[in-house]
Amino acid sequence: AAVEAEDHIVECHAMSGGHDFLLKVVALSMDHFSELSMQRILKFPGVEKIESNFSLQEIKHSQVLPIRDT
């Protein structure tokens with residue numbers, strides 16, 4: 001419910017492997033991201049820690065799925 005209510009979280013994926021969830025967050029600046037993560041997301045029920053990664057450059061972005069009719 002907390003993820004659904006936060007407008008700056010634009011995607012949330014349940015993950016396999018070493019992390020439970022992947023959030024895609026849109027922030028206005030690094031200071032804004034810091035506030036979002038430290039003052040909001042870390043206070044969501046069940047959240048114990050956050051690991052952040054940032055995209056440095058988009059190499060490819062496609063919404064076309066390579067699916068053919070047979």
*Got more than 12 heavy atoms from elsewhere within 6.0 Å of CD, E11?*
yes

For residues 41-51, which side-chain donor-acceptor pairs fall under 3.5 Å, sequence neighbours excluded?
from: K43; atom 1: NZ; to: Q39; atom 2: OE1; distance (Å): 3.4
from: E51; atom 1: OE1; to: H19; atom 2: NE2; distance (Å): 3.2

Pair up each side-chain donor or acceptor in residues 52-65 with any protein partner under 3.5 Å, not counting sequence neighbours, and list the distances.
from: E58; atom 1: OE2; to: H61; atom 2: ND1; distance (Å): 3.4
from: S62; atom 1: OG; to: V64; atom 2: N; distance (Å): 3.2

Using a 3.5 Å cut-off and no angle test, enumerate the donor-acceptor pairs between side-chain atoms of residues 21-37 and protein atoms at least two apart in sequence or in another chain.
from: S29; atom 1: OG; to: D31; atom 2: N; distance (Å): 3.4
from: S29; atom 1: OG; to: H32; atom 2: N; distance (Å): 3.1
from: H32; atom 1: ND1; to: L28; atom 2: N; distance (Å): 2.9
from: E35; atom 1: OE1; to: R40; atom 2: NH2; distance (Å): 3.4
from: E35; atom 1: OE2; to: R40; atom 2: NE; distance (Å): 3.3
from: S37; atom 1: OG; to: F33; atom 2: O; distance (Å): 3.0
from: S37; atom 1: OG; to: S34; atom 2: O; distance (Å): 3.2

